[in-house]
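Working notes for the structure below.
Quick note on labels: first sequence line is chain A, next is B, and so on, each numbered from 1.
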Protein chains: 2
Amino acid sequence: MKVTGDQALVKKINKSIVLHMIRKHSPLSRARVSEMTGLNKATVSNLVAELCQQELVIEAGPGESSGGRKPLILHFNAMAGSVIGIELRVKQLTAVLCDLGGNVLGERDYTLNHHDLPYVLEEIHKIISELMAAAPVTPYGIVGIGVGVPGMVDENGVVLFAPNLGWEMVNLRGLLESSFSVPVTIDNEANAGAQGELNFGAARDVRHLLYVSAGSGIGSGIIIGGELYKGARGYAGETGHMSIEADGKLCSCGSRGCWELYASEKTYDHADIDLPARTTPELVRYASQGQEDALRHFAKVGEYLGIGITNLINSFNPEVIVIGGALSEAEEWLGEPLRKVVAERTLPYHKQQLEITFSKLGSRGTVIGAGFSAVMHFLGNIRVTL
Amino acid sequence: MKVTGDQALVKKINKSIVLHMIRKHSPLSRARVSEMTGLNKATVSNLVAELCQQELVIEAGPGESSGGRKPLILHFNAMAGSVIGIELRVKQLTAVLCDLGGNVLGERDYTLNHHDLPYVLEEIHKIISELMAAAPVTPYGIVGIGVGVPGMVDENGVVLFAPNLGWEMVNLRGLLESSFSVPVTIDNEANAGAQGELNFGAARDVRHLLYVSAGSGIGSGIIIGGELYKGARGYAGETGHMSIEADGKLCSCGSRGCWELYASEKTYDHADIDLPARTTPELVRYASQGQEDALRHFAKVGEYLGIGITNLINSFNPEVIVIGGALSEAEEWLGEPLRKVVAERTLPYHKQQLEITFSKLGSRGTVIGAGFSAVMHFLGNIRVTL
DNA sequence: AAAACTTTGTTTAACCAATATACAAAGTCT
DNA sequence: AGACTTTGTATATTGGTTAAACAAAGTTTT
């Protein structure tokens, strides 16, 4: 959004800078904040005083002196409020209660039997209510709910299309906000996962991150310059339907040779391949026992993951690639073929500073990331671009 | 870049808002600017006074009254300075002299015999010097030089890799700036083209644009929210090396099945196809005479263009797609197969508001866009994001 | 044609946030 | 004990936006 400038804006900008500096780098003294931000000491003092009054920052007594007066240590008050992060999956509904620092305070897990909107909504209501009841008493209480959804989401929190749920044009944010009277953020599942790994997982403070969520389909979360890149209308990263075989298998989307037909759990559905099981956890068990078919299949999936990832590298050139989603459990067998294909297919230039890792937060990355979206919505984040 | 806020910043922001409002929507009165920006009338008056003194805005006498005092009409002063836009192609060097409004004041065209850096630099020097000599006398003179290059460019104007020129790590900006003592902007050729079409061509003021430049290779310029999306380090859009056939033809980049092997002028290089000629202009001539091989080949290229474009639609979902580059001359024969493939392969959801057109500026889109980059660099464009 | 109303643009005073500077407080080092 | 350092606060200044009043120059109504 484009805004005009006045003094209130200046204050907002600087307060936001100070708050997030403390949030990310605490413990910190006022003097250090002044140095790091470039803001005047007096300005920092004023803003910190306000943040303390708002209970977003707390003073934790004196720290170590380095040859002068002892600094007063400031902390971000992660317990000023809490958020609920939710991940909606095909067969499962997971939710966590987090503080503002992303620390998990409580967790719930439901099984979903089908995807009728009223039923799913009821389950979401239940899981939220339970966690709300379990929330600690804090100055701000529950400050937001963040939901990660397997599908395209627009900037208004409307689920435009979620093929695996059979949803179309569901105003999820509206529905939940009117029920709970709390700000709700809806994110694509891959975007939520990317935020989780960026802030609390395998890719902390990386500037340019590509998070590939491989599960029942494939979606990507793209972080550019430390910020989530949502694209035109909030749904960049629908990479599962990138065609990697122009005349390949027919996909439900109408196209042919879509990436996710070759590199996701969708590969299990073909009747013509030999597999000892048709779910990732089971296949992982077989693979760890050395079962040939499972090993071969994971190797193949790894290669195809590498082909799609190469395409994305050519478009986005990230510093780090994190692979998440259900298939990340098979890291042991996917990793090598994947890296090999990427090494073969990318320009030498790309190889220099490219790290490919698997999710560190595992299945919790998405819920935590979804919750973090709600945290950021509560705290705000205003920036100036030259 | 992240900056802290103070009053100087506020002024910069507001002045930038006022300037670009007048640039885009003149003629305009101070009162209208105040309404449209939300800034106070006094603020607008002050800023306009400064802009007039800087000769970036000129007062053009009274306009029509609508029941009160006549407004004083303001114009953006496109003749406050001029820029040089350059396009570097494999066999050609094109340059234009533009005013700040993108109006072409002069034009030059050189043929390039090879791509040795010293030689090309010398030719660039010559073409710039000629146009500089032809520049009209303006308050600011030549305020910048913008160059469009067929390759990856980083944020410092270094050409990282330009396969068709055989260049690697060429600090083009540094070289030109030290010669001419004028700010130089270096852009990928597709990004320059996208800017040209966005501001002066087929996609004026579109919010989300995908510009596909199909010539000796393929590159894409991506406009998100009205602004060029440069990606992580300035080279998003290297889409020519997106693999659309996992086990397809071997590409010079090391990968297989790269899009540009199937949908650019590179297709002419295969000895095993029957073609009456091996350059686009010649093939266009044959096609217009109904030559079978030429027609068949363009149809095939159109289909493959459609396949890659579908992949990009799935990732970026633009409102408008503009196809530029040398191959856009073959619009007549590419258009139908391309649109057909896209219609078949995209989700129904995408088809609603998607327009596919060919470049309106033709070969001049890129030079004009490159020049426009220099204009924007001169005028500045500061924004606040919430 | 005079009076009333409208619209445009400027002037004035008030406000407010950041800043430089001085200063107070609380430590370390010699 | 005295000199120096570092932290954090108080004070006066600066400079930009703003609301409100005002001046200027129209049109519309009576």
* To do: Take the protein atom CD of A:E35 and the nucleotide atom C1' of D:dG8, then report the distance between them rounded to whole Å.
  => 13 Å

* Donor-acceptor pair present, A:R69 side chain and D:dT6 base, under 3.5 Å -> no

* To do: Take the protein atom CG of B:L28 and the nucleotide atom P of C:dT8, then report the distance between them rounded to whole Å.
  => 11 Å

* Asked: Are any of the side-chain nitrogens in B:R204 or B:E197 under 4.0 Å away from the carboxylate oxygens of its partner?
  -> no

* Structure fact -> Heavy-atom nearest nucleotide on DNA chain C taken for B:P71 and for A:V10; more 5' hit belongs to B:P71

* Indicate yes or no: does A:E50 engage A:K15 in a salt bridge with an N to O separation below 4.0 Å. => yes

* To do: List in numerical order all residues of residues 40-55 of chain A for which some heavy atom is under 4.0 Å away from an atom belonging to DNA chain D.
  => A:K41, A:A42, A:S45

* Asked: Is A:R30 salt-bridged to A:E59, going by a charged N under 4.0 Å from an acidic O?
  -> yes

* **Helical bend (five base pairs per end, nearest 10°) for the helix from C:dA1-D:dT30 to C:dT30-D:dA1** => 10°

* To do: Look at all strands and tell whether A:S29 reaches a base, only sugar-phosphate, or nothing, counting heavy atoms closer than 4.0 Å.
  => sugar-phosphate

* Rounding to a whole Å, what distance do you find between A:I13:CD1 and C:dC16:P? -> 18 Å

* To do: Would you mind reading off the distance between B:L39 atom CG and C:dG9 atom P, rounded to a whole angstrom?
  => 15 Å

* Whole angstrom value for the distance that separates P of C:dA25 from CZ of A:R30 -> 16 Å

